[in-house]
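Note sheet for the following structure.
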Amino acid sequence: MVGPATPTQGRGLYRGRFAPSPTGPLHAGSLVAALASYLDARAHGGAWLVRLEDIDAPRCVPGADRVILQQLAACGLHPDEAPMWQNTRAEHYQTALQQLSDAGLAYPCACTRKDIEAALAASGQHKAKHAELVYPGTCRVGLQGQVARAWRLHVDAIKTEANTSAWTWLDRRLGTQTQNLLRDVGDFVLKRADGLWAYQLAVVVDDAAQGITHVVRGQDLADNTPRQMHLQHALGLPTPQYLHTPLVLGADGDKLSKQHGAAAVDVSPEAVLHTLQQAAQVLGLPSSTADTTQAALTDWTAAWAKAWVSGKHAA
Ligand code: GLU
């Protein structure tokens with residue numbers, strides 16, 4: 001069950017967004033996040049925005065941004081404001097990094113992945129295969145004459161109101177979540193060694209710039225939330241409410257993803273309602289295949305927004 005917005009967030013103050021990375025067209029999984037964020041905005045009488053997260057240029061597929069916007073339009077999911085592209089936002093990310101650096105909360109790092117692995121091994125920490133490396137903080141004391149590669153957040157230099165770097169937060173669907181950033185994540189990257197802006201910094205800067213009050217996105221992103229809350233705290237930015245939607249799993253039991261070649265959703269006039277109904281079903285919303293005309297699309301979307309606000313769905 002999805003929790004309602006807090007009572008202090010009056011109708012009309014709600015601003016939500018869908019923030020796809022244009023690494024390919026929308027697939028069944030990303031459509032669930034798109035639909036959920038749209039319905040939550042509609043259910044709260046708020047605005048729904050679309051942001052193309054194209055900062056990781058090597059992973060982006062040329063033209064995929066346009067395809068995604070066309071797919072959303074074909075589904076009747078029309079943003080209330082002009083879409084934003086992150087590749088136009090570099091100066092804002094730079095300003096935020098400068099603010100953190102000036103406050104002594106971010107530092108340049110010269111370590112390669114090998115250096116980090118060696119430092120962790122030397123301190124007796126062996127990472128599980130595929131596990132993220134928790135940066136041991138080598139460059140906190142300065143670059144020691146080495147050349148800066150990336151920029152990192154000094155996690156431990158920022159404290160929550162409870163004076164720790166552990167966060168407890170309430171996800172509207174998943175309930176109470178906790179993560180100890182210092183222990184489980186470490187000083188994470190804000191600007192990458194290849195010069196690209198990291199997702200964590202860009203998403204926090206842009207959610208604040210767009211006045212986002214409610215983030216609705218796929219559950220695979222849930223464990224990024226404390227990093228984003230930490231950054232919001234460090235930059236003096238407000239923290240939105242978060243809701244993480246169920247994932248769509250492929251036949252192999254893995255999350256559907258563009259990298260693993262998930263098929264684009266079929267948004268042809270004959271198929272679009274069925275496509276949306278499948279996404280709605282994942283969200284526990286009522287569905288029926290009785291009427292598949294285009295006219296029924298808006299009726300269904302309105303009915304789902306109503307079901308969503310009355311909490312009848314089981315998402
Ligand atoms: N761009 C991210 C993705 O497509 C989503 C970011 C977000 O919603 O915070 O996975």
Side-chain angles (χ1 to χ4, degrees), residues 14-41 47-61 64-69 71-72 77 79 83-89 93 96 167 169 171-174 177 179 185 188-190 192 196-232 235 237-250 254-262 264-265 279 283:
Y14 181 115
R15 286 172 68 80
R17 57 34 165 214
F18 173 54
S21 303
T23 53
L26 291 183
H27 54 73
S30 40
L31 183 62
V32 168
L35 180 63
S37 61
Y38 176 88
L39 294 176
D40 199 50
W48 184 68
L49 281 59
V50 173
R51 182 170 70 232
L52 284 309
E53 299 208 322
D54 57 351
I55 35 170
D56 192 348
R59 281 185 57 232
C60 291
V61 172
D65 51 351
R66 293 283 155 202
V67 173
I68 290 171
L69 292 173
Q71 289 174 303
L72 292 172
L77 306 180
M84 173 189 271
W85 272 260
Q86 285 192 323
N87 71 18
T88 64
R89 306 268 311 148
Y93 309 145
W167 284 92
W169 52 284
D171 183 276
R172 291 171 54 209
R173 171 172 160 263
L174 301 172
Q177 309 285 302
Q179 188 181 67
V185 178
F188 57 90
V189 170
L190 302 172
R192 297 168 17 174
L196 297 178
W197 294 102
Y199 157 64
Q200 309 294 353
L201 183 70
V203 78
V204 162
V205 168
D206 288 343
D207 279 340
Q210 294 190 292
I212 300 302
T213 57
H214 293 73
V215 170
V216 177
R217 60 185 177 192
Q219 193 172 332
D220 54 320
L221 293 163
D223 73 349
N224 290 277
T225 308
R227 268 171 276 187
Q228 294 169 17
M229 293 172 76
H230 214 56
L231 267 175
Q232 288 151 1
L235 289 164
L237 301 173
T239 290
Q241 293 186 44
Y242 290 92
L243 189 168
H244 289 89
T245 57
L247 300 181
V248 177
L249 302 182
D254 277 350
K255 170 183 104 79
L256 280 192
S257 74
K258 288 171 258 197
Q259 289 95 312
H260 293 115
V265 280
L283 296 166

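Please read all numbers here as calculations on a predicted model, not as lab measurements. First listed ligand is number 1; within each ligand, the first listed atom is number 1.
For ligand 1, none of its N or O atoms has an N or O atom of Pro20 under 3.5 Å away.
Remark: Trp85 engages no residue in a ring-ring contact (aromatic ring centres under 6.0 Å, His included) (not counting sequence neighbours). Residues passing the ring-ring contact (aromatic ring centres under 6.0 Å, His included) test with Phe18: none are found, sequence neighbours excluded.
Taking CE of Met229 as the start and CD of Gln232 as the end, the distance is 7.0 Å to the nearest 0.5 Å. A distance of 12.5 Å separates CZ in Arg192 from CG in Leu201, rounded to the nearest 0.5 Å.
Atoms of ligand 1 lying under 4.0 Å from at least one heavy atom of Leu221, given by number and element, are 5 (C), 6 (C), 7 (C), 8 (O), 10 (O). Remark: ligand 1 atoms within the under-4.0 Å shell around heavy atoms of Val203 are 9 (O). Atom numbering of ligand 1 starts at 1 in the shown order; those under 4.0 Å from a heavy atom of Arg17 are 7 (C), 8 (O), 9 (O). Within ligand 1, counting atoms from 1 as listed, the ones closer than 4.0 Å to a heavy atom of Arg217 are 7 (C), 8 (O), 9 (O).
Between the side chain of Arg15 and the backbone N or O of Gln210 there is at least one donor-acceptor pair closer than 3.5 Å.
Put simply, part of Tyr199 is less than 4.0 Å from ligand 1, judged by heavy atoms.
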